[in-house]
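Take a look at the structure set out below.
Throughout, a chain's letter reflects where its sequence line sits, starting with A, and its residues are numbered from 1.
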Protein chains: 2
Amino acid sequence: MKYRKIPDETIRRLPMYLRAFSLLRTEATETISSRQLAQRLGLNSPQIRKDLSYFGAFGTRGVGYPVEATARRIRQILKLNKVQKAVLIGAGRLGTALVAYPGFSSFNLDIAAVLDNDPKKIGKKIGPIKIENTDRISTLKKRDIRLAILAVPAEAAQKTTENLVKAGIRGILNLSPCHLKPARPVKIIDIDLASQLGILPYYM
Amino acid sequence: MKYRKIPDETIRRLPMYLRAFSLLRTEATETISSRQLAQRLGLNSPQIRKDLSYFGAFGTRGVGYPVEATARRIRQILKLNKVQKAVLIGAGRLGTALVAYPGFSSFNLDIAAVLDNDPKKIGKKIGPIKIENTDRISTLKKRDIRLAILAVPAEAAQKTTENLVKAGIRGILNLSPCHLKPARPVKIIDIDLASQLGILPYYM
DNA sequence: CTTTGTTTGTGAATGTGAGCACAAATACCA
DNA sequence: TGGTATTTGTGCTCACATTCACAAACAAAG
């Protein structure tokens, strides 16, 4: 295929593919066709073939995609072949739930630090991680932490973002219900839980 | 404007608009222009004008949009003008965090029931709500609960979905990392936290 | 009442992604 | 070796979404 810009939507689906391939590996499946995979994921097969073909041809015609190799390739594309460290800002209920969430490790994502500005929480532990004061945000760079999960109240979100960007953070998963304006361009993914639930009644 | 199908993307943005208008009301602002609103939300102004215009013309040229009336209208469109009850399935850490999350009430969303299948949890309370056994899923219909938040482990997600659909649930916010296949067509919104975080390294 | 400055509402243009259909490649069997 | 059944990779078309550009509507001031 001639060079084309890779659609954001394709990137968005890659983790889904990766999870499916990882699961298949535990089922001792060696190859899978785009049709079978589509069935599992609720997509249609040309979608999957096109997505994967952006990164070169790694299926075999008449057979399908090799599970092991394809998983490895997707991990490489997403830069998930080495552990990526993330910091959690905000050790509230939602934040705490995320630290305990087992789903991150299968993507090689590691919540390596938790920060909060509540003196009562600082020093306490969530699982194996000790909660640090928010002013330690400046130490993230030298600790090789480039990702942040933002789970602070809306009022604090903008200010925290500015500090995160200063501290060399390159990507933010924003769980607060507001639009962040980083000083430098940084990849931000917004997850607004209340808004998402608020959409549902419209479709009933 | 002639009748056109309303884009899903427009619906997806309406809760954001509603939140912004609600906030403006607390700031005692009477009207706001699409440009100012766009500035706040990180969009551009034609986007906002077009989105709102799908539902009729409720701005005033030369002035902007009336805050109070527009908020009311959006609430009506999204069917959030009356309280919508939701059930939470799965009282794990994430589920518990959601029950306590204050952001739902501003959209008139009310988590009215919590179900779990762990005998140790049943009967205990999360805030004001008592955790019930999952088999009480069949009582949801007569309790006027039509929305569900699914926060169960991946293994249980599909089976639970089937039971939810049988119980008359019309919309599901799926927090489990798998694709649900409902027996009848039901609106499902998937939020896969690990996948979302997994996208970030690609863009660094 | 006219002029000037805003801001909406919307047709048209542009951009982006999804789905189809089919040639090319492979496996398997007789 | 030839024939049949699969399945990938991809050009093309269509559908959907965003952005532009401008006429129409309104406010305010002189």
Between CD1 of Ile32(A) and P of dT7(D) the distance, given in whole Å, is 11 Å
Q: Compare all side-chain heavy atoms of Arg143(A) with those of Lys85(A) and state whether any distance is below 4.5 angstrom.
A: no
So, with a heavy-atom separation below 4.0 Å from DNA chain D, the residues of residues 56-66 of chain A are Ala57(A), Phe58(A), Gly59(A), Thr60(A), Arg61(A), Gly62(A), Val63(A), Gly64(A), Tyr65(A)
In whole angstroms, the gap separating C1' of dT10(D) from CG of Leu52(A) amounts to 14 Å
Separation of dT8(D) atom P from Tyr17(A) atom OH, nearest Å, is 12 Å
- Task: Describe the nucleic acid contact of Ser34(A) in one word from base, sugar-phosphate, nothing, applying a heavy-atom distance below 4.0 Å.
- Result: sugar-phosphate
Arg170(A) meets the side chain to side chain donor-acceptor pair (under 3.5 Å) criterion, sequence neighbours left out, with none
Whole-Å distance, Arg35(B) CZ to dC20(D) C1', equals 14 Å
Leu43(A) CG to dG17(C) P, in whole Å, measures 16 Å
Review point. Hey, is Glu162(A) close enough to Lys166(A) for a salt bridge, meaning N to O under 4.0 Å?
Key: no
Here the distance between atom P of dT8(D) and atom CZ of Phe55(A), to the nearest Å, is 17 Å
Here the pair of heavy atoms bringing Ile111(B) nearest to Leu88(B) is CG2-CB, 4.1 Å
Sorted by chain and number, sequence neighbours left out, ring pair (Phe, Tyr, Trp, His ring centres under 6.0 Å) with Tyr101(A) holds for Phe104(A)
Are the side chains of Asn81(A) and Asn108(A) in contact, using a 4.5 Å heavy-atom criterion?
no
When rounded to whole Å, the CZ to P distance for the pair Arg49(A) and dT6(D) reads 15 Å
Between CG of Leu14(A) and P of dG17(C) the distance, given in whole Å, is 13 Å
Contacts satisfying salt bridge (charged side-chain N to carboxylate O under 4.0 Å, His left out) that involve residues 10-20 of chain A (not counting sequence neighbours) are Glu9(A)-Arg12(A), Arg13(A)-Asp51(A), Arg19(A)-Asp192(B)
Side chain to side chain donor-acceptor pair (under 3.5 Å) filter on Gln39(A), not counting sequence neighbours, yields none
Quiz item: Are Leu94(B) and Leu94(A) close enough that some pair of their side-chain heavy atoms sits under 4.5 Å apart?
Solution: yes
Dump the pairs, protein N or O against N or O of nucleotides 15-19 of chain D, anything under 3.5 Å, distances to one decimal.
{"residue": "dT18(D)", "atom": "OP1", "partner": "Arg13(B)", "partner atom": "NH1", "Å": "2.9"}
{"residue": "dT18(D)", "atom": "OP2", "partner": "Arg13(B)", "partner atom": "NH2", "Å": "2.9"}
{"residue": "dT18(D)", "atom": "OP2", "partner": "Gln47(B)", "partner atom": "OE1", "Å": "3.4"}
{"residue": "dT19(D)", "atom": "OP2", "partner": "Asn44(B)", "partner atom": "OD1", "Å": "2.8"}
{"residue": "dT19(D)", "atom": "O5'", "partner": "Asn44(B)", "partner atom": "ND2", "Å": "3.4"}
{"residue": "dT19(D)", "atom": "O4", "partner": "Lys50(B)", "partner atom": "NZ", "Å": "3.2"}

